[in-house]
Amino acid sequence: MQTHARTAVRSVSLAGVSLAALALAATPSQAAPNTPKASAAATAEAIRANVFANPPAALPEAEASPPRLSGPRPGALEALPPKVQGADTYVDPRQNILYKFSIEFTDGVVRNPWTLTQDKVRLRSYHGSSVDPNTRFLAPTITMRPGQTVRISLANKLFETQNGMPLPPEKCVMPEGGVNVPHCFNDTNLHAHGLWVSPSGNSDNVLISINPGVTFEYEYNVPSDHPAGTFWYHPHKHGSTALQVSSGMDGALIIRDDRAPTATTPGDIDVLLQDDKGQAFPDKVLMFQQVQYACFDAQGKIQVSPVKSGQPWVCNPGQTGEIRDYEQQLSPSASWAGSGRFTSINGRVQPGVTGLQAGRFERWRLIHGGVREAVNFRLFPMKAGAPDWNTVPAKDQAAFMRTYCAGAALPVWEVALDGLTRSQVLRTSETRLQPGYRADLVVYFPAAGNYCIVDGASDALGSPTQAAEAIKLLGVAVVGAGPTGVDPDKALRDLMVAAADRNVPDAQVKASVVADLKNDLRLSHFVWHPTITTAELNAPPQELAFNIMRDPKDPDTFLFQVNNPLKPKESGSYVPSRIDRTANIGDVQEWRLTSTAASHPFHIHVNPFQVISVVNKAGKSVTDPGTPDFDPDYAGVIDQWKDTLFVKQDYHIVTRTRYERYIGEYVLHCHILDHEDQGMMANVKIGIPDGLGGTAEAHGPGGHMDHGMGN
């Protein structure tokens with residue numbers, strides 16, 4: 001039977017906790033954890049058992065297309081090939097793609113660093129022919145190219161069972177507390193996060209519900225001028241989003257192309273990320289997931305340790321972890337830190353990332369597919385003589401990292417944010433990811449050995465939950481021998497210049513690209529969205545303020561709101577039938593973002609935005625390194641294009657956006673997904689101008705159609 005929360009969530013953490021960040025640098029007085037060294041054979045076996053791999057491709061490159069049929073008749077459309085019997089994917093001669101997925105309850109295991117064993121779990125997950133049986137909760141990577149039509153057939157098979165047999169689906173009933181009480185946990189839909197496609201009909205439409213027993217086919221017409229980059233997909237059914245994403249229901253969505261820039265069009269960064277033989281840098285996708293499973297006692301309460309083992313939530317032998325109780329597992333009072341769970345990479349907890357080589361550049365695509373907690377990605381050399389990290393229990397890992405993950409963090413080179421190429425490569429030693437963020441990094445290991453992949457500590461203001469986050473071990477990079485003693489900054493610049501010389505045919509454009517690269521790795525010819533100047537703005541600004549407040553009718557209940565200071569009637573918690581923001585095709589608009597309670601990642605569908613300024617409460621810019629007000633959460637963000645941006649409490653952020661092609665209704669929301677489920681979301685409508693300063697209506701003034709999001 002489907003279940004939903006009976007009452008609104010009663011508590012929320014609003015005040016920051018003042019905790020000192022755990023330092024990484026080792027000191028002579030710090031003792032190593034009392035962990036025995038593992039034998040070489042045991043270490044090798046542990047690595048084999050818990051090793052990183054790219055998510056499987058839903059359409060492997062090697063299976064590009066079935067043989068063409070005989071040529072088309074003159075003047076006729078080319079005939080489609082017959083569908084391969086039983087195949088989940090096929091490509092027709094026009095290169096249109098069909099993916100087929102189902103969503104089902106899945107039994108599997110998740111590694112538990114507290115016990116160094118595997119916990120049995122039963123979670124909701126995507127199924128398809130390419131899912132790796134060893135990582136059953138990791139969805140396949142969907143690959144698209146600009147100009148393609150991509151169809152995704154989604155079958156909802158989330159049937160509850162009794163004695164091993166599926167029960168008939170029941171209609172999910174609206175909870176008594178209203179649409180913003182989490183509910184309908186087996187109803188779903190699909191969001192292509194970051195894609196610039198239509199939000200209407202069966203395109204990137206999240207205002208529909210796909211209920212158990214229903215199959216629905218999405219269709220994305222990817223425009224030919226869509227940027228290549230790193231995107232992702234996940235459920236977006238209001239009321240069940242956080243629970244399903246916390247179950248691991250998300251996957252990478254990669255737009256691939258190798259267009260060289262011309263005098264009139266930008267190019268793809270892929271044409272520059274090549275080695276001296278013209279081969280693409282090795283490509284790794286790192287999907288970060290936060291699966292907050294729990295085991296329950298006979299009273300339906302989360303099972304906790306009866307002894308002071310340090311482990312918060314436990315699964316005893318014979319128990320199976322689930323995600324089923326929203327208030328206990330996913331409400332603001334049920335913190336990620338309090339659960340004791342660990343952020344996974346590609347379905348594995350603290351894996352070994354193998355196949356790496358010193359002296360070689362790689363492209364790492366980082367995707368934060370979690371629900372709430374930030375990930376501060378850093379790489380540290382691991383000292384020689386460290387015990388096998390697979391043998392270090394969670395209670396000893398902080399001491400392990402203080403002792404062995406020492407020295408300076410490795411530099412990385414950030415080339416894209418949220419799938420969109422930066423205007424200039426950012427050299428950094430830390431990449432801060434809030435839920436929904438992506439970052440494309442060029443990574444370089446200077447010598448063979450092991451390297452700690454670390455989620456660095458953050459203070460309360462740097463955490464979406466307003467509580468300081470302790471340092472965590474995400475995994476270990478196992479690096480083989482290769483060239484050493486190379487200056488990576490010079491080597492990367494030289495490789496990119498050589499790639500431009502090979503791949504950019506227009507001599508004048510090539511000269512400009514090379515000059516940019518030699519001028520601090522600028523990428524002006526690879527940014528697909530031109531800068532928005534003040535003179536281009538032609539529509540009134542939008543004001544947006546996130547807020548959490550006590551319900552005046554019930555002081556024990558908190559309301560999650562998106563407010564519009566300019567239009568109070570279009571403010572408050574989410575109302576499916578209310579249009580909160582309107583604009584027309586052709587509008588160029590400034591958005592002014594703030595938060596009056598806690599901090600929230602702002603995400604808007606369809607149209608990305610350019611970051612113009614970020615200032616603190618005192619009106620000081622926080623984006624300038626070396627100044628007292630600098631905030632590393634906003635390092636290098638000015639003038640860059642994004643689709644998700646962290647809005648800290650009392651900060652004032654200005655962004656700008658264009659509405660260029662797509663009309664229809666879509667949403668903006670906080671990407672702390674339990675906040676979104678509880679009402680921190682708003683409807684946006686983009687229309688066609690009527691030529692008189694308004695919006696054209698087909699049948700005169702009319703109301704907004706209720707899409708039944710709370711069915």
Side-chain angles (χ1 to χ4, degrees), residues 16-27 30 33 52 113 286-290 335-337 340-345 349-351 353 364 366-383 386 389 392 394 396-414 417 426-445 450-477 599 601 622-623 625 630-637 646 648:
V17 180
S18 177
L19 296 177
L22 180 59
L24 274 171
T27 65
Q30 290 172 327
F52 164 97
L286 280 71
M287 171 64 75
F288 298 116
Q289 296 171 306
Q290 295 165 341
S335 71
W336 173 251
R341 301 301 179 216
F342 287 76
T343 299
S344 60
I345 302 177
V349 174
Q350 298 180 339
V353 181
W364 286 22
L366 311 186
I367 303 173
H368 192 324
V371 172
R372 188 188 302 154
E373 238 63 25
V375 172
N376 294 344
F377 177 89
R378 307 186 81 182
L379 296 168
F380 287 88
M382 184 184 288
K383 285 185 175 180
W389 76 94
V392 181
D396 296 329
Q397 287 183 3
F400 172 89
M401 287 185 284
R402 281 195 299 266
T403 304
Y404 295 111
C405 303
L410 294 189
V412 295
W413 295 264
E414 187 177 85
L417 290 172
L426 176 68
R427 187 185 194 272
T428 182
S429 61
E430 180 181 31
T431 300
R432 298 196 170 196
L433 302 169
Q434 298 294 337
Y437 276 30
R438 285 92 65 219
D440 286 42
L441 307 179
V442 174
V443 175
Y444 179 92
F445 296 97
N450 287 354
Y451 293 79
C452 303
I453 306 173
V454 167
D455 179 359
S458 63
D459 60 19
L461 287 179
S463 166
T465 54
Q466 300 298 283
E469 297 177 24
I471 190 171
K472 291 287 186 70
L473 184 68
L474 292 170
V476 172
S599 302
V622 301
T623 62
F630 175 62
D631 186 334
D633 275 308
Y634 301 94
V637 76
F646 196 35
K648 289 191 176 181

Subject >> ring pair (Phe, Tyr, Trp, His ring centres under 6.0 Å) partners of Tyr451, counting only residues at least two apart >> reply: Phe445
Subject >> Listed partners of Tyr634 passing ring pair (Phe, Tyr, Trp, His ring centres under 6.0 Å), at least two apart >> reply: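 By the ring pair (Phe, Tyr, Trp, His ring centres under 6.0 Å) rule, Tyr634 matches Tyr651.
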For residues [X] and [Y], determine if any side-chain heavy atom of one lies less than 4.5 Å from a side-chain heavy atom of the other.
X: Tyr404; Y: Cys452; result: no
X: Thr343; Y: Lys472; result: no
X: Met401; Y: Trp389; result: no
X: Phe288; Y: Leu474; result: yes
X: Gln290; Y: Val375; result: yes
X: Tyr437; Y: Thr431; result: no

Subject >> Residue list, side chain to side chain donor-acceptor pair (under 3.5 Å) with Glu414, at least two apart or on another chain >> reply: Arg422
Original post:
Quick one: side chain to side chain donor-acceptor pair (under 3.5 Å) partners of Thr428, sequence neighbours excluded?
Top reply: none
**OP:** For the residue pair Trp413 and Tyr444, categorise the inter-ring angle as parallel (less than 30°), tilted (30 to 60°) or perpendicular (more than 60°).
**Re:** perpendicular
**OP:** Would you confirm whether Asp455, through its side chain, and Asn376, through its main-chain N or O, come within 3.5 Å as a donor-acceptor pair?
**Re:**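 Yes, because the side chain of Asp455 sits within donor-acceptor range (under 3.5 Å) of the backbone of Asn376.
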Original post:
Under the side-chain contact (heavy atoms from CB on, under 4.5 Å) test, which residues partner Ala635, sequence neighbours left out?
Top reply: Phe630
Original post:
Considering residues at least two apart in sequence or located in another chain, which fulfil the side-chain contact (heavy atoms from CB on, under 4.5 Å) criterion with Pro113?
Top reply: Arg111, Phe342, Val349, Gln350, Ala394, Gln397
**OP:** Take Trp364 and Val412 through the side chain to side chain contact (heavy atoms under 4.5 Å, CB included) test and state the conclusion after the steps.
**Re:** CA-CA 10 Å; Trp364 286 22; Val412 295; over 6 Å; no
